[in-house]
Amino acid sequence: MARADRFLRACRKESVDCTPVWMMRQAGRYLEEYRALRAKYSFIETCKTPELAVEITLQPIRRFEIDAAIIFADILLPLENMGIDFEFTKDEGPQINNPLRTRGDIERMRAINPWEEMSYLMEAIKLVKRELAGQVPLIGFSGAPFTLASYLAEGSGSKNYVFVKSLMYKEPEAWHLLMEKLTDLVIVYLNDQIRAGVDAVQVFDSWVGCLSCADYREYVLPYQKRLMAGLNKAVPHIHFAFGASHLLSLVQEAGGDVIGLDWRMDLDEAWKTLNHGPAVQGNLDPVALYGSRDYISKRVRDILARAGNRSGHIFNLGHGILPTVPPDNAKYMIDLVHELSQRT
């Protein structure tokens with residue numbers, strides 16, 4: 001079986017020769033070749049210059065025997081043309097300069113045409129596909145409506161999510177308007193990426209773990225369900241909700257061919273909660289890659305044992321790879337996954 005086939009076959013719960021593996025944030029700061037580019041260009045320049053985005057997307061593919069590429073971009077990019085002023089601070093964290101706190105703020109958000117207004121990303125996708133030449137599939141992605149709404153309301157990272165939850169609880173009509181607009185955006189945005197050539201899409205709900213089951217059911221589920229149902233069925237859809245082990249059944253109800261898992265719940269227990277319906281992706285703690293080779297091996301073996309060679313497991317970290325991880329440790333993990341999961 002070709003390296004090009006493993007990831008997509010696993011998404012469809014088909015047999016594979018070994019477990020496919022890729023890493024969230026695999027194109028980024030832990031690679032010296034990425035840091036060399038960033039010494040010359042700002043983060044936003046690398047995102048908006050197709051040739052640079054292509055180079056960064058391809059860097060981990062050249063270095064590792066990884067089974068999928070993911071386009072280099074940022075989840076906030078589509079918000080810019082909706083009238084949102086944001087920047088990336090010194091540590092590359094996003095900062096919203098005009099956070100949305102009232103219904104009036106939300107009403108001023110305009111709908112966009114990503115195909116035309118984000119042509120730099122669509123061109124990067126086309127160029128990457130040409131460069132990959134079928135070597136591995138390409139993943140496109142977007143933030144989920146709730147996570148985008150959280151950034152828009154909070155203005156930056158948050159511990160207590162006071163502004164976004166206040167909007168939900170005090171101004172539910174404004175909240176629902178915001179979620180309608182963001183759901184419309186993400187459906188068009190991801191379908192445009194599929195049109196440009198990506199082979200799969202992942203929806204990142206990075207902040208949704210702050211919600212209770214009741215709040216998710218009322219304020220998020222209808223929109224997430226509409227989003228997942230509105231995506232082009234020609235490619236697999238990965239639904240990753242971070243810190244959301246308590247929400248797994250609701251995440252499954254929202255939809256996704258593949259459910260991403262963080263490290264907080266054992267993979268076999270999580271898959272059982274999902275009734276082994278969708279494929280699953282995960283779920284090594286990213287900090288495990290700072291451990292010894294023996295420790296990394298122990299954790300990889302445990303996850304693979306819990307997957308039990310069942311069709312539909314994609315090995316990944318439980319969140320993005322951290323910027324100071326030794327690349328050799330990442331390579332060791334990737335190679336070990338392939339070696340240990342060989343099907344006979």
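Quick note: numbers below take in every heavy atom, side chains included, and nothing from hydrogens, waters or symmetry partners. It should be emphasised that the depicted structure is a prediction, and the values quoted were computed from it without experimental measurement. Position 1 is the first residue of the sequence, and the numbers go up from there.
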### Task
Check the pair Arg3, Ile66 against side chain to side chain contact (heavy atoms under 4.5 Å, CB included), reporting the backbone distance first and the verdict last.
CA-CA 8 Å; Arg3 182 180 172 199; Ile66 212 153; 4.2 Å; yes

#### Entry: Pair Leu79-Leu185, side chain to side chain contact (heavy atoms under 4.5 Å, CB included): steps then yes or no
CA-CA 9 Å; Leu79 301 179; Leu185 163 70; 4.1 Å; yes

### Task
List the steps, then state whether ring-ring contact (aromatic ring centres under 6.0 Å, His included) holds for Trp207 with Tyr161.
CA-CA 9 Å; Trp207 286 12; Tyr161 306 93; 5.5 Å; yes

### Query
Taking it one step at a time, do Asn329 and Arg293 satisfy side chain to side chain contact (heavy atoms under 4.5 Å, CB included)?
CA-CA 7 Å; Asn329 285 5; Arg293 293 289 174 93; 3.6 Å; yes

### Task
Take Phe141 and Ile70 through the side chain to side chain contact (heavy atoms under 4.5 Å, CB included) test and state the conclusion after the steps.
CA-CA 8 Å; Phe141 70 93; Ile70 184 166; 3.8 Å; yes

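Ion pairing of Lys165 with Glu154 is absent here, as no side-chain N (NZ or NE/NH1/NH2) approaches a carboxylate O to less than 4.0 Å. Taking 4.0 Å as the cut-off between side-chain N and carboxylate O, Glu33 and Arg63 count as a salt-bridged pair. Lys298 has no carboxylate O lying under 4.0 Å from a charged side-chain N of Asp294, or vice versa, which leaves the two without a salt bridge. The pair Lys13-Asp257 fails the salt-bridge criterion, with no side-chain N (NZ, NE, NH1 or NH2) lying under 4.0 Å from an Asp/Glu carboxylate O. Asp302 has a carboxylate O that lies under 4.0 Å from a charged side-chain N of Arg299, or vice versa, which qualifies the two as a salt bridge. Salt bridge status for Arg6 with Glu14: absent, with no side-chain N to carboxylate O gap under 4.0 Å. Under 4.0 Å is where a charged nitrogen must lie from a carboxylate oxygen, and between Glu131 and Lys126 no such pair does. With respect to Glu45 and Arg38, no salt bridge is recorded, no charged nitrogen being found less than 4.0 Å from a carboxylate O.
Between Phe315 and Ile303, some side-chain heavy-atom pair lies under the 4.5 Å cut-off. In this structure, Cys18 and Ser341 have side chains that are in contact, with non-hydrogen atoms separated by less than 4.5 Å. Side-chain contact check for Val201 versus Leu231: some heavy-atom pair is nearer than 4.5 Å. The shortest distance between side-chain heavy atoms of Phe88 and Cys47 does not fall below 4.5 Å. Using a 4.5 Å heavy-atom threshold, the side chains of Ile334 and Lys331 count as separate. Taking the side chain as every heavy atom from C-beta outward, Ile314 and Val280 never approach each other to under 4.5 Å. Pro327 has its side chain within reach of Glu32: a pair of non-hydrogen atoms, C-beta onward, lies under 4.5 Å apart. At a threshold of 4.5 Å between non-hydrogen side-chain atoms, the residues Ile259 and Leu261 count as touching.
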Compile the donor-acceptor pairs under 3.5 Å between side chains in residues 240-255 and protein atoms, sequence neighbours left out, one pair per line.
{"unit_1": "His246", "atom_1": "NE2", "unit_2": "Leu211", "atom_2": "O", "d": "2.8"}
{"unit_1": "Gln252", "atom_1": "NE2", "unit_2": "Leu274", "atom_2": "O", "d": "2.9"}
{"unit_1": "Glu253", "atom_1": "OE2", "unit_2": "Lys225", "atom_2": "NZ", "d": "3.2"}

Going by atom type alone, with no hydrogens or angles, which donor-acceptor pairs under 3.5 Å involve a side-chain atom of residues 171-180 and a protein atom two or more places apart or on another chain?
{"unit_1": "Trp175", "atom_1": "NE1", "unit_2": "Tyr219", "atom_2": "O", "d": "3.1"}
{"unit_1": "His176", "atom_1": "ND1", "unit_2": "Tyr223", "atom_2": "OH", "d": "2.6"}
{"unit_1": "Glu180", "atom_1": "OE1", "unit_2": "Arg226", "atom_2": "NH2", "d": "2.8"}

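One side chain, Arg301 or Ser297, offers a donor N or O that lies under 3.5 Å from an acceptor on the other. For the residue pair Thr324 / Tyr290, a side-chain donor-acceptor distance below 3.5 Å is found, with atom types taken as modelled. In this structure, a donor-acceptor pair under 3.5 Å is absent between the side chains of Gln202 and His237. A donor-acceptor pair shorter than 3.5 Å can be found between the side chains of Arg343 and Thr19. Under 3.5 Å, the side chains of His338 and Asp67 contain a donor-acceptor pair of N or O atoms.
In the hydrophobic cluster analysis, where Ile, Leu, Val, Met, Phe, Trp and Tyr join through side-chain heavy atoms closer than 4.5 angstrom, Ile187 is grouped together with Leu221. Connection of Val188 to Leu182 is not established within any shared hydrophobic cluster, with ILVMFWY side chains joined at heavy-atom distances below 4.5 Å, either directly or through further cluster members. Connection of Leu317 to Val287 is established within a shared hydrophobic cluster, with ILVMFWY side chains joined at heavy-atom distances below 4.5 Å, either directly or through further cluster members. Residues Tyr169 and Leu152 share a single hydrophobic cluster, defined by chaining ILVMFWY side chains whose heavy atoms lie under 4.5 Å apart.
Lys48 contributes atom NZ, which lies 7.0 Å from atom CG of Leu77 (distance to the nearest 0.5 angstrom). Within the model, atoms CG of Leu148 and OG of Ser142 stand 5.5 Å from one another, a figure rounded to the nearest 0.5 Å. Distance check, rounded to the nearest 0.5 Å: CG of Leu37 to OG1 of Thr46 gives 8.0 Å.
Formation of a donor-acceptor pair under 3.5 Å by the Asp85 side chain with backbone atoms of Asn97 is not found in this model. A donor-acceptor distance shorter than 3.5 angstrom exists from the side chain of Asn283 to the backbone of Met265, with no hydrogens or angles considered. When atom types are taken as modelled, the side chain of Asp335 and the backbone of Tyr332 share no donor-acceptor pair closer than 3.5 angstrom. At distances below 3.5 Å, at least one donor-acceptor pair connects side-chain atoms of Thr57 with backbone N or O atoms of Phe72. With hydrogens and angles disregarded, a donor-acceptor distance shorter than 3.5 Å links the side chain of Asn81 to the backbone of Glu117. Put simply, the side chain of Glu339 never gets that close to the backbone of Leu336: no donor and acceptor are under 3.5 Å apart. In this structure, the side chain of Asn113 engages the main chain of Trp115 through a donor-acceptor pair within 3.5 Å. No donor-acceptor pair under 3.5 Å is formed between the side chain of Asp17 and the backbone N or O of Gln342. Panel note: side chain Asp285, backbone Trp263; no donor-acceptor pair is recorded below 3.5 Å. In this structure, the side chain of Gln59 does not engage the main chain of Leu31 through any donor-acceptor pair within 3.5 Å.
Ring-plane geometry between Phe7 and Trp22 is classed as perpendicular, the angle between the planes exceeding 60 degrees on a 0 to 90 degree scale with a lower cut at 30.
Summarising the geometry of Leu267 relative to Gly282, their closest heavy-atom pair is CD1-O, 3.8 Å, with the distance given to 0.1 Å. Counting all heavy atoms, side chain and backbone alike, Ala68 lies closest to Ile139 at CB-CD1, 3.8 Å. In this structure, Ala124 and Val54 approach most closely via the heavy-atom pair O-CG2, 3.6 Å. In terms of heavy-atom proximity, Leu127 sits nearest to Pro50 at CD1-CB, 4.0 Å. Here the shortest heavy-atom pairing between Thr147 and Ser206 reads OG1-N, 2.8 Å. Between Asn232 and Ala234 the shortest heavy-atom distance is OD1-N, 2.7 Å.
By the neighbour-count criterion of 12 heavy atoms within 6.0 Å, atom NZ of Lys233 is densely surrounded, having more than that number from other residues, nucleotides or ligands.
In this structure, Tyr41 has its ring center no closer than 6.0 Å to that of Phe43.
With Asp105 as reference, Arg108 is the one residue of Arg108, Arg101, Arg103 to meet the salt bridge (charged side-chain N to carboxylate O under 4.0 Å, His left out) rule.
With sequence neighbours excluded, no residue forms a ring pair (Phe, Tyr, Trp, His ring centres under 6.0 Å) with Phe163.
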